[in-house]
Amino acid sequence: MDAFYASVEQRDNPALRGKPVAVGGSRERGVVAAASYEARKFGVRSAMSSMVAARKCPNLIFVKPRFESYKVASKQIREVFAEYTHLIEPLSLDEAYLDVTENLKGMASATAIAKEIKEKIKERTQLTASAGVSYNKFLAKLASDYQKPDGLFVIKPNQGEKFVEDLEVYRFHGIGKVTADKMNKMNIFTGLDLRQYDESFLTKHFGKAGKYYYNIARAIDYRPVNTERIRKSVGSENTFWRDLETNVELEAGLKPIIEDVWKYCERTQVYGRTVHLKVKFKDFQIITRSRTTLSPIVDSTFFEKIAYDLLEQLYPIPKGVRLLGISLSNLALGDDMVGKQLSLEF
Amino acid sequence: MKFVVSSSVLLKQLSTVNGVIANNPIVPILENFLFQIDQTQLTVTASDLQTVMITTLAVESSDTGAIAIPARLLLDTLRGLPDQPITFKVDRDTFGTEIITENGRYKLSGENPIDFPKVPQVTKSLSVQISADILGAAIANTIFAVSNDDLRPAMTGVYVQLSPEYTNFVATDGHRLIRYKRSDVKSEYDSTMIIPRKALNLLKSSLPSDDTTVTSDFSSSNAFFSFNNIRMICRLIDERFPDYENAIPQNNPNVLTINRSEFLGSLKRISIYSNKTTHQIRLKLAKNDLVISAEDLDYSNEANERLMCDYDGDEMEIGFNAKFMVEMLSNLTSNMISLEMSQPNRAGLIIPADKKADEDILMLVMPVMLNTYA
């Protein structure tokens, strides 16, 4: 979906149409969750701090997110997808991979399907979407980003390699900023540069991901459309209204975050072995600390203790803290779930 | 009122309908068989208010009338008698009944037949003719998966979906689900109903295993079955059956194809070593390779077997309740079966590889979670 949250806001509030809109928190401390295309012209991007965004675009209108409305729209678009295939891999509320090789309508052309889906989405939600059509997930994702908004871009089987050649490594899905910087230092700037290296070289420098980089440089991606993505971590974080300075403030700030994460664990019976603490200071420096236990943490007081221990290790706090976050990884099912006979959902 | 009947013929007919009678019926009259004499025909009725079974047999008599006779007493008497003609003499005023045999006389006190509940009559209904062997197969293939959970009454019976093209028989206990589809059972128009387990069990044991036609009539509240000299009436379960079709996963790329009896044999052996409450067994699947294992940590028991199979799909480990698997596989006759899966926390589908004409069986079983996440 194009500028999903912002588009929903503009759809529901005519006063926002044609204006630069940012969906996100307060002006001082918030983060932009989505920016309308009018705002993007000024350089406003999602995940940008609201302060920076406001500086770039003085007329920017901030709107509080209304997740209920986004969920409704999300459900509508998923219903459209489901008319074409059962093989749907949702990436977020507004983005999904669809495998339409064999589709429910028996249509031969994926491009025709993409066109129909876009039309139906427009009809039912009054929102525009951009579609990318190709022969694997990596290229489809690239194609969908290529022409926005309201785009439909196709990368045909004989175009895949060429398309990747000229692409900057920063644009590769699956290569983050840090990895791309590292590649630049090694004189790898484009797909073509990346293609000069063999798999063992890339694995040596980039670990497990090396094999993936080797393949995508050749536009090869065999990952199937995965209808059941498995959660790898669970976490919660909070940016505070004002910087936290004292130990008492920090501990009070951490408490609701710990509770939030624990609630998820109890509800899903999924527990983690590794607790991560994330701290963002007032100068935006981020540090993380983690501790791994031998078995999944199934006791809330133990979980709390580890979280506070991680925080205490940082005392005395060198500077004001803007954000605190706790997450759990190395997830496993709780004892109550092991050996549990699952039931049909009806 | 007097009639003469063969003791063995009577015993056989009474045994057929006796299953209806509850151990502690709501009203004491239901501990009796209702005997109705119409000269040379005796009609016997047993009821528990939900289910009624009626049978007819030939007797020697010139009377007309009715009497309710205690079922247990009468059956125990007949079971102990060698085959012979026996005479029933009924006092119409006191309902006292006398049975006269070659050896002696037995007196038992009957009940007023007026007190016996009225049997519902076929009213506006949908009528379907089903061959007895097909109906028997449909019941046998589904009844074992019917739920015992009275809190979910909709699932305590078999859901029948009649249509002009085919008929589905569906049963589920929430952990597994069977859909038995017949393309040779058709009705005039679409109709659905839930038939309670007890009625189907009784039907199953009294149906002949040949192609005798069973006339089945369905009204909005009752089902009526009649074949040979037997009639059964049962009250339908007035509940909404769960939306089972959405519970059947459509996309199951991991497919195990295996000899059914070898798989079954292995499951039976391995399950001996599984935990006694969960009956959990583990299937470890890799390309054309299946390892079945189980362990019971409480007793340090463990077992594993490797089986020949065709497996096409991702490497995976999935847990199942061995009891469910054994029960489902035992009910199939196909030489080869396939087990289709997507994820270790999603349903597995058992489908017979060799299909019989007009028959389509789908069995679904939910897994047991293993101690590995994902």
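All of these numbers come straight from a predicted model, not from anything done at the bench. Here is the naming used below: chain letters follow the sequence lines, and residue numbers restart at 1 for every chain.
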Asks: Mind checking which of residues 243-250 of chain B sit less than 4.5 Å from chain A, heavy atom to heavy atom?
Replies: B:D243, B:Y244, B:A247, B:Q250
Asks: Taking only heavy atoms into account, what residues of residues 143-155 of chain B are found under 4.5 Å from chain A?
Replies: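 Those residues of residues 143-155 of chain B which have a heavy atom under 4.5 Å from chain A are B:R152, B:M155.
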Asks: Tell me, side chain or backbone of B:F324 under 4.5 Å from chain A's heavy atoms, or both, or neither?
Replies: side chain
Asks: Pick out which of B:R176, B:H279, B:H175 makes a side chain to side chain contact (heavy atoms under 4.5 Å, CB included) with A:Q341.
Replies: B:H175
Asks: For B:K284, look at atom NZ and say whether over 12 heavy atoms of other residues, nucleotides or ligands are found less than 6.0 Å away.
Replies: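 Open: at most 12 neighbouring heavy atoms sit under 6.0 Å from NZ of B:K284.
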Asks: Determine whether more than 12 heavy atoms belonging to other residues, nucleotides or ligands lie under 6.0 Å from atom CD of A:Q76.
Replies: yes
Asks: Rounded to the nearest 0.5 Å, what separates atom CG in B:L177 from atom CG in A:L344?
Replies: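 Result: 6.0 Å between the selected atoms.
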Asks: Report, as yes or no, whether the 6.0 Å neighbourhood of atom CG on B:D238 holds more than 12 heavy atoms from other residues, nucleotides or ligands.
Replies: no
Asks: Does atom CZ of B:R235 have more than 12 heavy-atom neighbours, drawn from other residues, nucleotides or ligands, at distances under 6.0 Å?
Replies: no
Asks: B:T277 versus chain A, heavy atoms under 4.5 Å apart: side chain, backbone, both or neither?
Replies: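 For B:T277, no heavy atom lies under 4.5 Å from chain A.
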Asks: Any heavy-atom pair between the side chains of A:L342 and B:N345 that's under 4.5 Å?
Replies: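 Result yes, sub-4.5 Å side-chain heavy-atom pair found.
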Asks: Under 6.0 Å from the CZ atom of A:R78, do we count more than 12 heavy atoms belonging to anything else shown?
Replies: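 Atom CZ in A:R78 is packed in, count exceeds 12.
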Asks: Answer yes or no: are there more than 12 heavy-atom neighbours, outside A:K208 itself, under 6.0 Å from its atom NZ?
Replies: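 Counting neighbours around NZ of A:K208, 12 or fewer heavy atoms of other residues, nucleotides or ligands fall under 6.0 Å, so no.
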Asks: Could you check whether atom NZ of A:K105 has more than 12 heavy atoms from other residues, nucleotides or ligands sitting under 6.0 Å from it?
Replies: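 More than 12 heavy atoms, drawn from other residues, nucleotides or ligands, come within 6.0 Å of this atom.
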